[in-house]
Amino acid sequence: MTIERPKADVVIVGLGWAGSVMAEELTRAGLNVVAIERGAWRDTSTDFPPAVDPDELKWHTRRSMLQPMSVETTTFRNNSGQTAAPVRNWNAYQFGWNVGGAGTHWAGMSWRFTPWDFQVATQTAERYGSAKLESLRAEGLHLQDWGVTYEDMEPYYDRFERIAGTSGKAGNIKGQKFEGGNVFEGPRSREYPTPALKDSAWMAKYRETVNGMGYHPFTIPAGNLSQAYVNPLGVTMGPCTYCGFCDFHGCGNFSKSSPQACILPVLMRRPNFTVLTETEVLHGVKHEDGKTLKGVNFVTREGEEGFQEADIVVFTAYQMDNVRLMLLSQVGTQYDPETQTGTIGRNYNYQTCASVSGFFPGAKMNPFVGAGALGVQIDDFNGDNFDHTGLNFIGGAGIMGYSTDGRPIAKMNGLRPGSKRWGSEWKEAYARDYQEAGNIFVQGTSQSTRDAYLSLDPTYKDRHGQPLLRTTFDWNRNDRDMAAYMTAKAKEIMIEAGAEGISTDNQAAESWNPYKQHSSHTIGGAVMGADRSTSALNPYLQSWDCHNLFVVGASAFPNNGGYNPTVTVGALAVRAAQAIHEKYVNNPAPLVEG
């Protein structure tokens, strides 16, 4: 039996951060919105009460909040000459599997991208010359601007931060620099909604060390709130208790920014909003003219198929799901690395990360005091904050000393080199090193390339008979050289701090492997831009090829900054939603000529 649902003004596919922000803006503007989420409903009070939430085995080790591998996976290969195989263990990817999506289990690091990140091509040419830009492009790097600037994005960043209640200390308000904040950040219109979190023992040592080296430390902006807060939607959040169980966990304290804590309590009371849970969208359905979508086909948990008609379709699923939905809906043209034509799947990219660990004899770091975004960072080597003249790469990384968790199971692997891994000596070593360890994380930019892309796999299919998404990716030369440079900088800091037993893990030193990553920040594949020959979406995230389709998420990033993506996803969602109800609804047509 086919389910025919009443027509909606807007159908939203995926109810994570992007879908929740979109639904809030559009329903407040009076539109009738139906959201379709393939995961189940999860609620703070019933699913994440404080007495149950800190279950490391359930949430972190067994990844109970992520999409099960038995439901769906992707395939992977390093280059086009290989045959892709299915990914059998989530590590690089962390698909949400509930209302709230990945926004429920994220850590909370709440970064804005730098002005340079939005204009990599323009600003590289302006600072180092057009010859430098062209030489990198000739090497295969897809260096291109986003079609928006940081200045364009600032009001939307501000709006999302107010909704999320972000904690932090501004370093640049309207061009005036403030000590203690990030002096390298783009100009902000005002201070953060709530003050910065407090230092842990390791953070204080890291801050003192990098201060002494002449760098500019600041507390990381966090979606872990430093005090009670009421956001612009009237939702009350509580202060973080520094329990340290944030990423892969829900937050029973209502203190981690998430759709559950910040938006859904308001959205669910609006009569013009409907959510269908445990219902999976298969693909969009085109009108006969092929220029617009008339709705989406879906299947329920019970296996019943249905159709949701709508004037506007918005894909707000996980980054890879957004790209797959466009390919399955036959919107746009598949990217071809040989001919450099087509835009769907183009500019797929990851993030370049490294870590440095060290130990401080006799220290009491008390790592059980933590929060998902608790850390001190320097941005002296991030983006284009330093002169790259004479260096053989562009981009950079934030270098942070962090206290994000003290999970007792995960920490068992963090022992000094040479420590016994069994018996009484292992127990003694673990008791010692749990307290004495300090860790530095290096989170770097990454530039998209000609040979990295997403496509539908010709062999493997999902349980509905549709092709899985195939990833073709490996590190490029620019990112490898950048990561090696930044790892050396981080090691210098650990040596200066006086650590012993230092070890490093530069993830770009070997070919990319989906099972050995420290980041889940996968981006691109349906990117935004002002040039339709190199982008799938215009600067309002509207499809160039299907004007009533908007695609919101990290799938729109043409390149990756040295930061976590969530706040930029949220800001882009606010901007796209306002464009829909302020411009598109009154004149359903392309918002940008191209």
Side-chain angles (χ1 to χ4, degrees), residues 1-16 18-20 22-27 29-39 99 101 267 270-318 321-332 344 456 462 464-467 526 536-537 540-553 555 573 576-577 579-581 583-591:
M1 179 178 178
T2 299
I3 302 170
E4 289 282 349
R5 287 192 47 79
K7 183 180 180 183
D9 295 324
V10 184
V11 59
I12 290 174
V13 182
L15 197 61
S20 298
M22 181 68 66
E24 194 283 318
E25 290 280 345
L26 296 181
T27 52
L31 296 174
N32 186 309
V33 175
V34 173
I36 302 179
E37 164 59 49
R38 67 180 181 177
V99 168
L267 196 57
R270 292 184 177 162
N272 56 341
F273 175 73
T274 301
V275 58
L276 309 179
T277 61
E278 299 182 77
T279 301
E280 182 174 353
V281 169
L282 300 174
H283 52 78
V285 179
K286 286 183 177 179
H287 279 288
E288 288 69 22
D289 63 5
K291 296 180 179 179
T292 55
L293 293 180
K294 56 183 177 183
V296 296
N297 279 342
F298 62 81
V299 58
T300 68
R301 183 179 63 175
E302 291 76 22
E304 289 185 285
E305 295 190 6
F307 176 67
Q308 176 65 59
E309 185 178 8
D311 291 328
I312 300 169
V313 177
V314 187
F315 292 161
T316 51
Y318 191 78
D321 286 328
N322 277 346
V323 180
R324 183 166 178 254
L325 282 167
M326 293 191 77
L327 292 170
L328 293 174
S329 305
Q330 300 182 337
V331 175
I344 312 303
L456 295 177
D462 68 9
H464 306 301
Q466 298 192 126
L537 313 172
Y540 294 101
L541 306 188
Q542 180 186 34
S543 167
W544 288 112
D545 297 287
C546 194
H547 65 73
N548 72 334
L549 173 63
F550 294 76
V551 185
V552 185
S555 48
I580 289 173
H581 71 77
K583 299 179 181 179
Y584 184 81
V585 169
N586 297 322
N587 182 25
L591 296 175

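All heavy atoms count here, side chains included; hydrogens, waters and symmetry mates do not.
Without hydrogens or angle criteria, Thr316 side chain to Gly14 main chain gives a donor-acceptor distance under 3.5 Å. With hydrogens and angles disregarded, a donor-acceptor distance shorter than 3.5 Å links the side chain of Asn272 to the backbone of Thr27. Checked by atom type and distance alone, the side chain of Gln542 pairs as donor or acceptor with a backbone atom of Leu591 at under 3.5 Å. Remark: the backbone N or O of Ala8 is not paired with any side-chain donor or acceptor of Asn32 at under 3.5 angstrom. Between the side chain of Glu302 and the backbone N or O of Glu304 there is no donor-acceptor pair closer than 3.5 Å. At distances below 3.5 Å, at least one donor-acceptor pair connects side-chain atoms of Lys286 with backbone N or O atoms of Gln330.
Ring centers of Tyr584 and Tyr540: at least 6.0 Å apart, outside the cut-off.
Counting only heavy atoms from C-beta outward, the side chains of Val281 and Asn297 never approach each other to under 4.5 Å. Using a 4.5 Å cut-off on side-chain heavy atoms (C-beta onward), Glu4 and Gln308 make no contact. When side chains are defined from C-beta on, Leu276 counts as touching Val34, because their heavy atoms get closer than 4.5 Å. Contact check for Met22 versus Val10: no side-chain heavy atoms found under the 4.5 Å cut-off. Within the 4.5 Å cutoff, no side-chain heavy atoms of Val285 are placed close to those of Leu293. Between Thr279 and Thr277, the closest side-chain pair of non-hydrogen atoms is not below 4.5 Å. Residues Val585 and Ile580 form a side-chain contact, since some pair of their non-hydrogen atoms from C-beta on lies under 4.5 Å apart. No side-chain heavy atom of Ile344 sits under 4.5 Å from any side-chain heavy atom of Val331.
Partners of Lys7 under the salt bridge (Lys or Arg N to Asp or Glu O under 4.0 Å) rule, at least two apart in sequence or in another chain, are Asp311.
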Original post:
Stepwise, does the side chain to side chain contact (heavy atoms under 4.5 Å, CB included) test hold for Thr292 with His547?
Top reply: CA-CA 6 Å; Thr292 55; His547 65 73; 3.4 Å; yes
**OP:** Decide yes or no on side chain to side chain contact (heavy atoms under 4.5 Å, CB included) for Val313 and Val296, but give the supporting numbers first.
**Re:** CA-CA 8 Å; Val313 177; Val296 296; 4.0 Å; yes
**OP:** Verify side chain to side chain contact (heavy atoms under 4.5 Å, CB included) between Val33 and Thr274, making sure each step is shown before the conclusion.
**Re:** CA-CA 6 Å; Val33 175; Thr274 301; over 6 Å; no
Original post:
Between Phe315 and Leu549, is a side chain to side chain contact (heavy atoms under 4.5 Å, CB included) present by the stated rule, with each step listed?
Top reply: CA-CA 8 Å; Phe315 292 161; Leu549 173 63; 3.8 Å; yes
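For the atom pair Ser20 OG and Ile12 CD1, the distance stands at 8.5 Å (nearest 0.5 Å). The OG1 atom of Thr2 lies 6.5 Å from the CD atom of Glu305; values are rounded to the nearest 0.5 Å. Interatomic distance, NE2 of His581 versus CG of Leu31, reported as 8.0 Å (0.5 Å rounding). The CG atom of Asp9 sits 9.5 Å away from atom CG of Leu26, with the distance rounded to the nearest 0.5 Å. The distance from atom CE of Met326 to atom OG of Ser543, rounded to the nearest 0.5 Å, is 4.5 Å. Taken to the nearest 0.5 Å, the CD atom of Gln466 stands 8.5 Å off from the CG atom of Leu325.
Between Asn322 and Ser555 the shortest heavy-atom distance is ND2-OG, 3.2 Å. Among all heavy-atom pairs drawn from Ser329 and Gly284, the shortest one is OG-N, 2.7 Å. Closest heavy-atom contact between Ala18 and Val552: CB-CG1, 3.9 Å. Summarising the geometry of Leu456 relative to Pro467, their closest heavy-atom pair is CB-CB, 3.9 Å, with the distance given to 0.1 Å. Heavy-atom minimum distance, Asn586 versus Pro588: C-CD, 3.9 Å. A pairwise comparison of heavy atoms in Leu15 and Phe273 identifies CD2-CZ, 4.1 Å as the closest pair.
Crowding of Arg301 atom CZ: a count of heavy atoms from other residues, nucleotides or ligands under 6.0 Å not exceeding 12. More than 12 heavy atoms of other shown residues, nucleotides or ligands fall within 6.0 angstrom of atom CD in Glu278.
A salt bridge links Asp321 to Arg38: one of the charged nitrogens lies within less than 4.0 Å of a carboxylate oxygen. Ion pairing between Asp462 and Arg324 holds under the 4.0 Å rule for side-chain N and carboxylate O.
Looking only at atom types and distance, the side chain of Glu280 has a donor-acceptor partner in the side chain of His464 under 3.5 Å away.
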